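Below is one structure, written out as structure tokens; the observations come after it.
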Amino acid sequence: MRRKFIAGNWKMNLDRASAIALAQQLAERSSHIEGVDLAVFPPSLYVDAVAQALAGSRVAWGVQNVYHQPNGAFTGEISVAMVKDLGCRYAILGHSERRHILGETDEMVNKKVHAVLDGGLTPIVCVGETIDERESGRTMEVIERQVNGSLAGLDAAQIRRTVIAYEPVWAIGTGKNATPAQAEEVHLALRKILADRYNSEIAQSVCIQYGGSVKASNARELLSQPDIDGALVGGASLKADEFLGIVAGALA
Ligand code: PGA
């Protein structure tokens, strides 16, 4: 039985004080929650402050991106070692906003995945099709290309430590989530890709989150699908009530 994992991607939102306040609320209000893993991803400038607010709580933290090189002349980037230094357990990699707005390729994402795994952290690797790709019947082809490219060269032990997030681009920040059936279909296809590349036991063990307009009101239905193991939540993770409502949906 895979454990559910609910992650809040705060993206480029909040200021320092409100990030700390949100983290404090989540720390307090999640203390009794069992049976589900929780993490938040603040803007990297606020990770240190948020980490202090979350220390000793049920909520882990991570970053929204890293660079694959260990150190050096890479202006504006942050390394896996720096992220570990702040107690991060996770790094989101290849989010669609980074792929589509900032030009990240599968090859770049793959280097980051290796760096994060080598550093002992858990990568959350995002894949997902655009609306054009879906409407032209290319969803599975796109997903397979992204999985094979972004997760190239991972051995069995490494893929077991990797989280995959299926995030259809058309569902992110639009209020229009994939239906549970649409999401489940892709999650099942992801397990088939993993079973072909590794084996079915490994395919069954990998945590696959869904992301894209998840909120308290649709979480239960999405998270009750057999192959949906959690949620990567954007907008709804910025309010404690909504985020904890999603967590309640995971436990229902
Ligand atoms: P959303 O974002 O929940 O606001 O749609 C999801 C994500 O980008 O991870």
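Because the structure is a prediction, the values reported are computed rather than measured. Both counts, for ligands and for their atoms, begin at 1 and track the order of listing.
If you take CZ on Arg191 and NE2 on His187, they are separated by 8.0 Å, rounding to the nearest 0.5 Å. Atoms CD and CD, from Glu167 and Glu129 in turn, are 11.0 Å apart once rounded to the nearest 0.5 Å.
Taking any N or O of Ser213, backbone or side chain, at least one lies under 3.5 Å from an N or O belonging to ligand 1.
Counting only heavy atoms from C-beta outward, the side chains of Gln69 and Glu77 never approach each other to under 4.5 Å. Contact of the Lys11 side chain with the Leu238 side chain is not registered, since no non-hydrogen atoms from C-beta on lie closer than 4.5 Å.
Contacts between Cys126 and ligand 1, counted as non-hydrogen atom pairs separated by less than 4.0 Å, are absent for every part of the residue.
Counting only heavy atoms of the protein, atom 3 (O) of ligand 1 lies nearest to Gly234 N, 2.8 Å.
Checked for salt-bridge contact, Lys192 and Glu144 miss the test: no charged N lies under 4.0 Å from a carboxylate O. Using a cutoff of 4.0 Å between basic side-chain nitrogens and carboxylate oxygens, Arg138 and Asp132 are not scored as salt-bridged. In summary, Arg3 and Asp229 do not engage in a salt bridge, as defined by a charged side-chain N under 4.0 Å from a carboxylate O.
Residue Ile172 has at least one heavy-atom neighbour below 4.0 Å for each of these atoms of ligand 1: 2 (O), 5 (O), 8 (O). Listed by number with element, the atoms of ligand 1 under 4.0 Å from a non-hydrogen atom of Ala171 are 5 (O). Taking every heavy atom of His95 and a limit of under 4.0 angstrom, the matching atoms of ligand 1 come to 7 (C), 8 (O), 9 (O). Annotation for ligand 1: atoms under 4.0 Å from non-hydrogen atoms of Glu167 are 6 (C), 7 (C), 8 (O), 9 (O).
Proximity of Lys215 to ligand 1 is not established, as no heavy-atom distance is less than 4.0 Å. Not a single heavy atom of Gly211 sits under 4.0 Å from any atom of ligand 1. At a 4.0 Å cut-off, not a single heavy atom of Ala236 sits close enough to ligand 1 to count as contact.
The number of heavy-atom neighbours closer than 6.0 Å to CZ of Arg220, taken from other residues, nucleotides and ligands shown, is 12 or below.
Between atom 4 (O) of ligand 1 and the options Gly235, Gly8, Gly212, Gly128, the minimum heavy-atom separation is to Gly235. Nearest to atom 5 (O) of ligand 1 by heavy-atom distance, out of Ala165, Pro168, Gly173, is Gly173.
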